[in-house]
Protein chains: 2
Amino acid sequence: MAQTVAEEQAPADDSARGRFARIYQALRSRICLLDYPPGKRLREEDLAEEFGVSRTPVRRVLVKLEAEGLLRSVHGVGTIVTDIDAEELAQVYEIRVELAELIGKLSPVEVNEELIEKFRDIRARCEQLTEGSDVRQFAWLNMEFFHLFTSLTRNEPLRELSERLYYQTSRIWMKTALQIRDYQELLDNEFRTFQREVADIAEAVEHGDVAAAAYVRRVHIALSYARIRRAFAENS
Amino acid sequence: MAQTVAEEQAPADDSARGRFARIYQALRSRICLLDYPPGKRLREEDLAEEFGVSRTPVRRVLVKLEAEGLLRSVHGVGTIVTDIDAEELAQVYEIRVELAELIGKLSPVEVNEELIEKFRDIRARCEQLTEGSDVRQFAWLNMEFFHLFTSLTRNEPLRELSERLYYQTSRIWMKTALQIRDYQELLDNEFRTFQREVADIAEAVEHGDVAAAAYVRRVHIALSYARIRRAFAENS
DNA sequence: GTACATGATGTTGTGCACAACATAAGAAGA
DNA sequence: TCTTCTTATGTTGTGCACAACATCATGTAC
């Protein structure tokens with residue numbers, strides 16, 4: 001199964017905390033990568049069986065995911081992956097844009113060779129994205145790059161907030177893209193744009209200019225949202 | 001007990017969601033108002049007994065509060081109210097300052113008479129804060145005013161983020177204030193400053209200038225943090 | 001045929017007993 | 001006296017049976 005790619009980084013720790021983290025990351029990845037698309041109904045017992053535990057620890061994870069706005073449990077009905085309507089999506093993007101810029105302004109890290117190397121590495125892997133590539137691979141790289149970008153600030157709470165908003169919106173972005181006619185054309189275009197973004201930011205980091213990198217990111221987030229919004233309005 | 005003041009707004013709903021909300025708000029208020037100071041160890045069974053339920057629904061609430069950074073459960077030890085060290089506090093304030101300004105910029109509400117009246121009302125109640133007033137009353141008004149201020153934006157996710165950061169830091173601010181020698185002098189000064197802040201913001205709202213109100217708020221948050229930081233450094 | 005009542009089915013929520021774990025006190029040995 | 005192992009105690013974590021709830025199908029009265 002493809003989702004093992006997303007879950008292989010899970011900690012091997014077998015304590016209570018380790019199990020919790022493993023299940024949590026697995027479910028969050030599946031939601032983010034659309035293995036569990038918005039509206040999907042999950043059954044606690046199925047998950048419990050899959051992870052080899054009872055419903056109790058699974059419920060713990062579900063409560064946390066619900067607190068983060070990715071799930072919603074309804075008594076007697078089920079646990080449903082949340083969807084986001086157009087207005088709320090716009091609101092979250094408004095904030096994401098601002099937070100992206102703040103990552104370059106609040107407690108930016110001092111750039112060292114190791115960090116530069118990480119950006120070079122992911123840039124190289126992004127270059128391999130060709131037209132017609134797997135959407136899933138794109139989503140995965142996007143997520144990986146996001147985490148690398150947030151590591152540009154030492155402000156841990158800011159990283160947390162950004163991460164939370166990212167997991168709320170990136171999946172909706174992807175879901176919307178897949179609904180569009182000729183979505184492959186749109187996606188190919190997004191692939192190229194993403195490659196330019198990664199390249200620009202990587203170079204800014206190499207010059208030690210974290211603020212510039214953040215501003216590039218800000219602009220790309222805003223433009224990416226504007227593009228898909230327009231495409232959706234034109235031919236949904 | 002004084003905390004009933006904070007909990008009387010709880011919904012009377014007796015369904016599962018209603019119980020959950022009631023327990024959640026009660027515990028969050030207690031943490032925010034220092035009834036449960038940082039480091040305090042809670043026992044699930046005590047809480048269960050107090051609210052007339054078993055440990056199970058209580059644990060649900062605790063998991064959510066843990067996800068929000070207010071609690072931390074440790075297997076075999078207990079559930080502990082989190083503390084925040086100086087560095088993280090500074091980081092959260094950095095963000096709060098920026099978010100306060102954003103509340104005036106992203107999807108501001110159009111001011112109507114009802115909203116103005118609410119600001120007039122809380123302003124009048126703040127004027128009654130005299131020197132030597134109850135710290136608890138101050139904390140409560142502060143919280144109430146915070147919620148009113150966040151209602152200046154229609155951006156719901158932004159409100160949520162602001163709320164989360166507020167509950168994380170305001171209690172630490174208060175705890176720090178109480179540790180300072182001659183804290184009554186500091187607090188009296190803060191009372192007056194807070195009254196000015198409320199008055200300034202209320203007037204900005206009356207003029208329909210939400211952006212100005214938000215900027216005043218931004219400045220006050222930053223200055224408030226700077227003052228207590230200096231006071232703590234000088235005579236802790 | 002339609003509206004409504006009633007039961008069957010499936011899901012999450014709750015209560016409770018016990019396991020896993022951490023901590024501190026105490027005993028045994030050097 | 002100090003160290004170390006053991007044990008007692010208290011806490012959160014887990015598993016399981018059942019209650020509460022929502023939904024859909026079925027049947028019945030009109």
Side-chain angles (χ1 to χ4, degrees), chain A residues 10-28 30-31 35-83, chain B residues 10-28 30-31 35-83:
Chain A
D13 185 2
D14 198 41
S15 69
R17 292 202 98 78
R19 275 197 301 273
F20 178 83
R22 196 160 55 247
I23 300 175
Y24 170 76
Q25 289 180 16
L27 293 187
R28 196 177 66 165
R30 291 180 193 179
I31 293 171
D35 295 323
Y36 296 157
K40 165 94 173 178
R41 217 179 78 213
L42 308 179
R43 287 182 5 99
E44 297 179 348
E45 203 152 355
D46 288 348
L47 297 173
E49 189 181 6
E50 179 190 341
F51 291 101
V53 294
S54 84
R55 278 178 56 209
T56 310
V58 170
R59 300 195 87 250
R60 221 184 129 99
V61 172
L62 296 184
V63 169
K64 181 169 181 184
L65 289 170
E66 186 173 7
E68 292 173 356
L70 297 179
L71 290 179
R72 178 144 188 268
S73 289
V74 184
H75 190 180
V77 178
T79 304
I80 292 127
V81 178
T82 56
D83 202 348
Chain B
D13 184 3
D14 198 40
S15 69
R17 293 202 97 79
R19 276 197 300 274
F20 178 84
R22 197 161 54 245
I23 300 176
Y24 171 76
Q25 289 179 16
L27 293 188
R28 196 178 65 165
R30 293 180 192 178
I31 293 173
D35 295 322
Y36 296 156
K40 165 94 173 176
R41 216 179 78 210
L42 307 178
R43 286 179 7 98
E44 296 179 350
E45 203 153 355
D46 288 349
L47 296 173
E49 189 181 5
E50 179 189 342
F51 290 101
V53 293
S54 82
R55 278 178 56 210
T56 310
V58 170
R59 301 195 86 247
R60 224 183 128 97
V61 173
L62 296 183
V63 169
K64 181 170 181 184
L65 289 170
E66 186 173 7
E68 291 173 357
L70 297 179
L71 291 179
R72 179 147 186 266
S73 289
V74 184
H75 190 181
V77 177
T79 305
I80 291 131
V81 178
T82 55
D83 202 348

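Residue numbers start from 1 in every chain, and the chains themselves are labelled A, B, ... in the order their sequence lines are given, proteins ahead of strands.
Using a 4.0 Å heavy-atom distance criterion, B/Leu42 is classed as a sugar-phosphate-only contact. Nucleic acid contact class of B/Arg17 (heavy atoms, under 4.0 Å, all strands): none.
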Mind listing the side-chain donor-acceptor pairs of residues 71-78 of chain B below 3.5 Å, one per line with the distance, residues two or more places apart or on another chain?
{"residue": "B/Ser73", "atom": "OG", "partner": "B/Thr79", "partner atom": "OG1", "Å": "3.3"}

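Per the geometry, CZ belonging to A/Arg41 stands 15 Å off P belonging to D/dA22, to the nearest Å. Atom-to-atom, CG of A/Leu62 to P of D/dT14 comes out at 13 Å; the value is rounded to the nearest Å. Rounded to whole angstrom, the span from the CD atom of B/Glu49 across to the P atom of C/dC16 amounts to 12 Å. Following rounding to the nearest Å, A/Lys40 (NZ) and C/dT11 (P) show an atom-to-atom distance of 12 Å.
Close to C/dT14, at under 4.0 Å from its OP1 or OP2, lies a side-chain N or O of B/Arg19. Between B/Thr56 and C/dC16 there is no side-chain N or O to OP1 or OP2 distance below 4.0 Å. One finds no side-chain N or O of B/Arg43 lying less than 4.0 angstrom from the OP1 or OP2 phosphate oxygen of D/dT12. Contact between the side-chain N/O atoms of A/Thr79 and the OP1/OP2 oxygens of C/dT11 is not found at any separation under 4.0 Å.
In this structure, B/Leu65 and B/Val61 have side chains that are in contact, with non-hydrogen atoms separated by less than 4.5 Å.
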Scoring nucleotides 18-24 of chain C by protein non-hydrogen atoms under 4.0 Å (B base, S sugar-phosphate only, - none) yields --BBS--

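For the atom pair CG (A/Leu70) and CG (A/Leu27), the distance works out to 10.0 Å, reported to the nearest 0.5 Å.
Out of C/dT14, D/dT14, D/dT12, the shortest distance to the side chain of A/Pro57 is found at D/dT14. Considering only side-chain atoms of B/Ser54, the nucleotide from C/dT14, C/dT11, D/dT14 that sits closest is C/dT14. Distance from the side chain of A/Val53 is smallest for D/dG15 among the nucleotides D/dT14, C/dT12, D/dG15.
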**OP:** Go through the steps to decide whether A/Glu66 and B/Arg60 satisfy the test side-chain contact (heavy atoms from CB on, under 4.5 Å), and finish with yes or no.
**Re:** CA-CA 11 Å; A/Glu66 186 173 7; B/Arg60 224 183 128 97; 3.7 Å; yes

